[in-house]
Amino acid sequence: MTAQTIKSKAMVAWAAGQPLKLETVDVAPPKAGEVRVKIIATGVCHTDAFTLSGDDPEGIFPAILGHEGGGIVESIGEGVTSVKVGDHVIPLYTPECGECKFCKSGKTNLCQKIRETQGKGLMPDGTSRFSINGESIFHYMGCSTFSEYTVLPEISLAKINKDAPLEEVCLLGCGVTTGMGAVTNTANVKAGDTVAVFGLGGIGLSAIIGAQMAKAGRIIAIDINETKFDLARKLGATDCVNPKNFDKPIQEVIVEMTDGGVDFSFECVGNVHLMRSALECCHKGWGESVIIGVAGAGQEISTRPFQLVTGRVWKGSAFGGVKGRSELPEYVERYMAGEFKLDDFITHTMGLEQVNEAFDLMHHGKSIRTVLHMDK
Ligand SMILES: NC(=O)c1ccc[n+]([C@@H]2O[C@H](COP(=O)([O-])OP(=O)(O)OC[C@H]3O[C@@H](n4cnc5c(N)ncnc54)[C@H](O)[C@@H]3O)[C@@H](O)[C@H]2O)c1
Ligand SMILES: [Zn+2]
Ligand SMILES: [Zn+2]
């Protein structure tokens with residue numbers, strides 16, 4: 001039987017800076033190479049808030065935001081072979097086609113196959129599957145998980161173990177994988193290394209888990225909100241530092257604390273001044289700083305070139321360098337095997353309709369991750 005258009009509740013972002021609004025959206029059936037997914041749960045990431053704020057150059061409205069989901073395949077389009085109805089999946093904002101120059105390089109997870117249309121809020125054929133009374137609504141990051149039903153290209157789905165609780169492993173769709181992957185893939189932290197993590201939201205705390213699993217010797221957690229320190233310590237931070245408690249730049253404080261600087265630092269905030277601090281707290285000769293945070297449109301980073309001449313390295317990481325289809329299912333297995341926990345991150349659970357509350361909690365520093373359950 002061919003799939004029909006279905007009605008779906010969704011929280012729609014009509015314009016930048018406006019609260020999301022509950023709507024009933026028409027979700028068209030998946031076209032060739034596409035899959036319609038029933039979302040079970042979705043995390044709320046700072047990147048959603050960033051796009052909603054209007055600071056994101058790629059932010060297009062009206063759109064259905066959300067990119068940290070877990071769901072079940074509801075129907076498949078023509079030619080889809082890698083997933084079937086009933087499979088459990090995690091949507092990927094970084095797809096993996098396996099055939100583009102980027103995928104074939106073996107050097108990056110940044111598949112470019114559908115980059116152009118995804119950036120425009122459209123499916124690969126240049127159209128949207130979402131509409132309200134015939135008016136088209138844009139997709140977001142190729143995922144749009146703030147909707148009961150969504151449509152994704154087949155190459156944007158990681159098929160995962162059906163036993164994994166989607167209400168928890170949805171966090172592997174962005175935050176947790178991003179932080180852990182940046183530590184293990186992008187930086188390759190080794191036993192005994194000294195690590196500094198700037199910003200203790202979902203991303204930074206996941207970087208701490210990654211550093212702890214890599215057996216880093218010292219893990220310095222930095223945030224201006226000290227309520228984050230307890231969890232940071234629980235996850236493995238050895239030192240917690242609030243830059244506001246010092247009357248000198250935080251990089252100087254860390255260089256002094258570590259006899260010359262850290263082996264690796266991670267910027268998990270999206271603040272260009274902090275990115276500089278993160279670079280400059282690295283050890284001369286070998287220290288590497290990884291930028292994970294997303295800065296506002298038009299902002300630039302700066303440092304004295306001598307910082308790099310003398311051996312510090314500046315890098316960046318998207319989705320932790322993880323190739324979604326071939327590597328993400330393994331993260332789910334590692335979670336299932338008890339290698340790391342996700343419930344520590346989930347400070348709040350609520351229904352989809354309450355997503356604006358979830359943004360408020362995030363902006364007030366009261367949540368790590370809120371997970372929205374579609375059936376709540
Ligand atoms: N590169 C990627 O693939 C990727 C993926 C997901 C998120 N991100 C980005 O990562 C960043 C963090 O996301 P999140 O969901 O963890 O956000 P979050 O809002 O939950 O956490 C940010 C933390 O930074 C702290 N902070 C703010 N200003 C600070 C300062 N000046 N010094 C120290 N700490 C400060 C806040 O108190 C908070 O604890 C965002 O910019 C987000 O867009 C990047
Ligand atoms: Zn995210
Ligand atoms: Zn590709």
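Positions are given from 1 along the sequence. Read the numbers this way: they start at 1 and go in the same order the structure lists the ligands and their atoms.
In terms of protein heavy atoms, atom 32 (N) of ligand 1 is closest to Leu274 CD2, 3.4 Å. Protein heavy atom nearest atom 27 (C) of ligand 1, with residue, atom name and distance: Val269 CG1, 3.6 Å. Atom 3 (O) of ligand 1 has its closest protein heavy atom at Phe319 N, 2.8 Å. Taking atom 13 (O) of ligand 1 as the reference point, the nearest protein heavy-atom neighbour is Ile203 CG1, 3.2 Å. Residue, atom and distance of the protein heavy atom nearest to atom 19 (O) of ligand 1 are His46 ND1, 2.5 Å. Atom 43 (O) of ligand 1 has Thr47 OG1, 2.8 Å as its closest protein atom, hydrogens excluded (heavy atom only). The shortest contact between atom 15 (O) of ligand 1 and any protein heavy atom is with Arg369 NH1, 3.0 Å.
For the pair Tyr93 and ligand 1, a heavy-atom separation below 4.0 Å is found. At least one heavy atom of Ser317 sits under 4.0 Å from some atom of ligand 1.
Among Gly179, Gly201, Gly293, the residue whose heavy atom lies nearest to atom 20 (O) of ligand 1 is Gly201. Taking only non-hydrogen atoms, the option from Ala221, Ala207, Cys268, Ala182 nearest to atom 11 (C) of ligand 1 is Cys268. Considering only non-hydrogen atoms, atom 9 (C) of ligand 1 lies nearest to Val294 out of Ile291, Val294, Asn225, Ile222.
Shown here is Gln299, whose CD atom has more than 12 heavy atoms of other residues, nucleotides or ligands within 6.0 Å. The number of heavy atoms from other shown groups lying within 6.0 Å of CG (Asn245) is above 12. Counting non-hydrogen atoms of neighbouring residues, nucleotides and ligands closer than 6.0 angstrom, the NE2 atom of His273 reaches no more than 12 such neighbours.
In this structure, Lys376 does not pair ionically with Glu353, as no charged nitrogen and carboxylate oxygen lie closer than 4.0 Å. Taking a cutoff of 4.0 Å between a charged side-chain nitrogen and a carboxylate oxygen, Lys315 and Glu288 qualify as a salt bridge.
Those atoms of ligand 1 with a heavy atom of Gly202 less than 4.0 angstrom away are 16 (O), 20 (O). With ligand atoms numbered from 1 in the order given, ligand 1 contributes 5 (C), 6 (C) to contacts under 4.0 Å with heavy atoms of Cys174. Below 4.0 Å from some heavy atom of Leu200 lie the following atoms of ligand 1, by number and element: 23 (C), 39 (O). Within ligand 1, the atoms closer than 4.0 Å to a non-hydrogen atom of Ala318 are 1 (N), 3 (O), numbered from 1 in the order shown. Contact atoms of ligand 1 toward Cys45: 6 (C), 7 (C) (distance under 4.0 Å to a heavy atom of the residue). Proximity to Gly199 (heavy-atom distance under 4.0 Å) selects the following atoms of ligand 1: 24 (O). Counting atoms of ligand 1 from 1 in the listed order, those under 4.0 Å from a heavy atom of Ile224 are 28 (N), 29 (C), 30 (C), 32 (N), 33 (C), 34 (N), 35 (C).
With a 4.0 Å cut-off on non-hydrogen atoms, Thr178 touches ligand 1 through its side chain and not its backbone. Within the 4.0 Å heavy-atom criterion, neither part of His273 lies near ligand 1. Looking at Lys244 against ligand 1, nothing comes within 4.0 Å, counting heavy atoms. Contacts between Phe345 and ligand 1 below 4.0 angstrom, taking non-hydrogen atoms only, are absent altogether.
Rounding to 10 degrees gives 130° for the angle at the Zn ion (ligand 2) between SG of Cys45 and SG of Cys174. The angle that Cys100 SG and Cys97 SG make at the Zn ion (ligand 3), rounded to 10°, works out to 110°.
Where the criterion is an N or O separation shorter than 3.5 Å, residue side chain and backbone included, Ile292 meets it with respect to ligand 1. In terms of N/O distances under 3.5 Å, ligand 1 is approached by Asp223.
Asn356 places a side-chain N or O within 3.5 Å of a backbone atom of Leu20 that can act as its donor or acceptor partner. For the pair Glu168 (side chain) and Pro165 (backbone), a donor-acceptor distance under 3.5 Å is absent. No donor-acceptor pair closer than 3.5 Å links the side chain of Thr94 to the backbone N or O of Phe319.
With respect to Val35, the side chain to side chain contact (heavy atoms under 4.5 Å, CB included) criterion is satisfied by exactly one of Thr150, Val89, Ile76: Ile76.
Glu280 and Thr303 are linked by a side-chain donor-acceptor pair at a separation below 3.5 angstrom, with hydrogens and angles left out of the test. Between the side chains of Glu333 and Asn161, at least one donor-acceptor pair of N or O atoms lies under 3.5 Å. A donor and an acceptor atom, one from each side chain of Thr349 and Glu167, are nowhere located under 3.5 Å apart. For the 3.5 Å distance criterion, the side chains of Ser131 and Arg129 fail to qualify, holding no donor opposite an acceptor. Side-chain atoms of Asp263 and His283 include no donor-acceptor pair closer than 3.5 Å.
The aromatic rings of His363 and His46 stand perpendicular to each other, their planes meeting at an angle above 60°, with 30° marking the opposite boundary.
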Glu330/Arg334 under salt bridge (Lys or Arg N to Asp or Glu O under 4.0 Å): CA gap, chis, key distance, verdict: CA-CA 6 Å; Glu330 185 60 28; Arg334 286 167 61 193; 5.8 Å; no

